[in-house]
Protein chains: 2
Amino acid sequence: MDNEQEYKIGEFAKLVGLSSFTLRYYEKEGLIKPQRNASGLRYYTKADIKWVGFLLHLKGTGMRITEIIKYVELRAQGDTTIMERRELLNRVKDNAESEMRELQRNIEFISHKIDWYDGKVSSETNEFKSLSFEKYLERFAIYD
Amino acid sequence: MDNEQEYKIGEFAKLVGLSSFTLRYYEKEGLIKPQRNASGLRYYTKADIKWVGFLLHLKGTGMRITEIIKYVELRAQGDTTIMERRELLNRVKDNAESEMRELQRNIEFISHKIDWYDGKVSSETNEFKSLSFEKYLERFAIYD
DNA sequence: AAAACACTTCTAGTTAACTCTAAGTCAAGC
DNA sequence: GCTTGACTTAGAGTTAACTAGAAGTGTTTT
């Protein structure tokens with residue numbers, strides 16, 4: 001098993017889609033701890049690829065870097081913090097889910113607007129009262 | 001019909017959930033054009049409530065203010081820009097939808113993690129290889 | 001041995017969308 | 001008539017997460 005492949009910061013950056021700047025920044029913040037070789041150069045492994053993948057998933061749910069740091073610190077404290085970590089993730093998940101419902105509603109709204117542009121919405125099925133909205137826009141258009 | 005209710009900026013701000021600062025900022029950017037009374041004070045109407053609602057839906061799909069301004073300008077140019085506006089909204093919608101799929105994936109990931117914390121994921125059904133992830137975290141936890 | 005890349009610390013700039021202050025005037029509501 | 005709120009312009013501050021540059025040294029690759 002040649003599992004012990006090591007990557008220098010530049011290669012690793014390309015691999016995970018982050019810049020070297022960002023990787024050093026994350027390290028300074030405590031999010032990544034690459035190893036060092038005899039000359040002091042950073043080396044990243046396949047485990048780091050997974051870890052960064054995890055980071056990006058957390059970030060993708062809207063979790064702030066400070067929260068991710070908190071998670072990492074809790075993990076470092078061992079098994080006594082398992083419930084706390086679970087609850088942290090649960091809060092993050094709840095937030096992400098309500099963000100998603102919100103996004104869904106906004107997409108629906110904009111879809112109706114597009115349908116209106118396509119002439120697919122008749123005035124009797126027009127939930128969003130586009131016509132009065134358009135009337136507003138007409139007044140709006142008067143100005144400059 | 002007492003439809004012609006008018007609101008001063010402070011009232012209106014509370015009504016739509018924005019600050020007076022933000023309303024003046026939006027106005028400066030060209031997103032809102034409230035009317036003025038004889039003394040020069042801004043007055044907002046019910047049409048403005050709808051308009052701000054629309055704005056917030058657009059903003060909620062990730063549309064930038066500069067894009068919303070572009071939309072407003074297109075509308076002011078009249079019916080010849082209808083297709084352009086439709087396509088603008090369509091691009092915004094596509095972006096929002098792919099953002100939503102991304103968010104969905106991230107939520108799924110985090111849900112799996114929570115399940116793992118709950119001990120609900122057995123090692124044979126573990127798609128996300130949490131165990132090796134945890135092994136990584138163990139190594140990670142070595143460092144202070 | 002030269003080019004390309006990595007190391008350090010420190011510091012400053014970027015971006016979007018606000019958010020607020022100053023300073024002085026004016027209007028509205030009780 | 002006093003308090004609260006609105007008006008103006010101009011400009012500074014905030015936030016998060018990068019992003020970059022200087023300046024000088026060391027390492028790796030070709």
Side-chain angles (χ1 to χ4, degrees), chain A residues 5-45 48 51-52 54-72 92 95-96 99 102-103 106, chain B residues 5-45 48 51-52 54-72 92 95-96 99 102-103 106:
Chain A
Q5 172 131 30
E6 296 181 332
Y7 308 95
K8 288 199 288 182
I9 194 164
E11 302 166 284
F12 187 72
K14 273 175 204 149
L15 221 55
V16 298
L18 297 172
S19 70
S20 302
F21 289 124
T22 303
L23 288 170
R24 283 190 281 255
Y25 166 69
Y26 279 0
E27 183 178 344
K28 193 175 47 147
E29 297 295 311
L31 293 186
I32 316 178
K33 293 248 179 190
Q35 291 167 316
R36 302 289 179 131
N37 73 3
S39 338
L41 296 195
R42 288 170 182 83
Y43 273 99
Y44 298 84
T45 67
D48 294 297
W51 172 242
V52 170
F54 181 61
L55 279 189
L56 296 180
H57 276 299
L58 294 184
K59 254 173 56 59
T61 56
M63 209 170 165
R64 291 180 190 298
I65 281 185
T66 51
E67 288 178 298
I68 303 180
I69 291 167
K70 203 196 300 175
Y71 181 89
V72 169
V92 167
N95 287 344
E99 202 182 297
E102 181 75 11
L103 187 53
N106 290 324
Chain B
Q5 171 131 30
E6 297 181 331
Y7 309 95
K8 289 197 289 183
I9 194 166
E11 303 167 282
F12 186 72
K14 273 174 204 149
L15 221 56
V16 300
L18 297 172
S19 70
S20 301
F21 290 125
T22 303
L23 287 170
R24 283 190 281 255
Y25 166 69
Y26 279 0
E27 184 177 343
K28 195 175 44 148
E29 297 296 312
L31 294 186
I32 316 178
K33 293 248 180 190
Q35 291 167 318
R36 303 286 179 134
N37 73 3
S39 338
L41 296 194
R42 287 171 183 83
Y43 274 100
Y44 298 85
T45 67
D48 295 296
W51 171 242
V52 170
F54 181 62
L55 279 189
L56 295 180
H57 276 299
L58 294 184
K59 255 174 54 59
T61 55
M63 208 169 166
R64 292 182 191 297
I65 281 185
T66 51
E67 287 177 298
I68 303 179
I69 292 167
K70 204 195 300 173
Y71 181 89
V72 169
V92 167
N95 287 343
E99 202 184 297
E102 181 74 12
L103 186 53
N106 291 323

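Within every chain, numbering begins at 1; the chains are lettered A, B, ... in the order of the sequence lines, protein sequences first and strands thereafter.
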Q.
Please find the pair of heavy atoms, one from B:Thr45 and one from B:Gln35, that lie closest to each other, and give the distance.
A. CG2-OE1, 3.8 Å

Q: Provide the closest heavy-atom pair for B:Glu67 versus B:Gly62 in the form atom of the first, atom of the second, distance.
A: OE1-O, 4.4 Å

Q. Does any non-hydrogen side-chain atom of B:Lys8 lie less than 4.5 Å from one of B:Arg42?
A. no

**Q.** Residues in side-chain hydrogen bond (donor to acceptor under 3.5 Å, both in side chains) contact with A:Glu29, at least two apart in sequence or another chain
**A.** none

Q. If you take all heavy atoms of A:Ile32 and A:Trp51, which pair is closest and at what distance?
A. CA-NE1, 4.2 Å

Q. Just by protein heavy atoms under 4.0 Å, how would nucleotides 22-30 of chain C read 5' to 3' in B, S and -?
A. -----SS--

Q: Hey, could you give me each pair passing side chain to side chain donor-acceptor pair (under 3.5 Å) that has a residue in residues 10-26 of chain B? Not counting sequence neighbours.
A: B:Ser19-B:Thr22

Q) Would you say A:Arg42 reaches C:dC7's phosphate, i.e. side-chain N/O to OP1/OP2 under 4.0 Å? A) yes

Q | Euclidean distance, atom CG of residue B:Leu23 to atom P of D:dT8 [Å, nearest integer] | A | 13 Å

Q. About how many Å separate CD of A:Glu27 and OH of A:Tyr44, when rounded to the nearest 0.5 Å?
A. 5.0 Å

Q: Please report, rounded to the nearest Å, how far the P atom of D:dT29 is from the CD1 atom of A:Ile9.
A: 16 Å

Q.
I need a per-nucleotide contact map over nucleotides 14-21 of chain D, read 5' to 3'. Cutoff is protein heavy atoms under 4.0 Å; write B for the base, S for backbone only, - otherwise.
A. --SBBBB-

Q) Between A:Asn37 and A:Tyr43, which heavy-atom pair has the shortest distance, and what is it? A) ND2-CE1, 2.8 Å

Q: List for me each residue that meets side-chain hydrogen bond (donor to acceptor under 3.5 Å, both in side chains) alongside B:Glu102, sequence neighbours excluded, and say none if there are none.
A: none

Q) At what distance, to the nearest 0.5 angstrom, does OG1 of B:Thr61 lie from CD1 of B:Ile68? A) 7.5 Å

Q) Given axes from five pairs at either end, by how many degrees does the helix from C:dA1-D:dT30 to C:dC30-D:dG1 bend, rounded to 10°? A) 20°

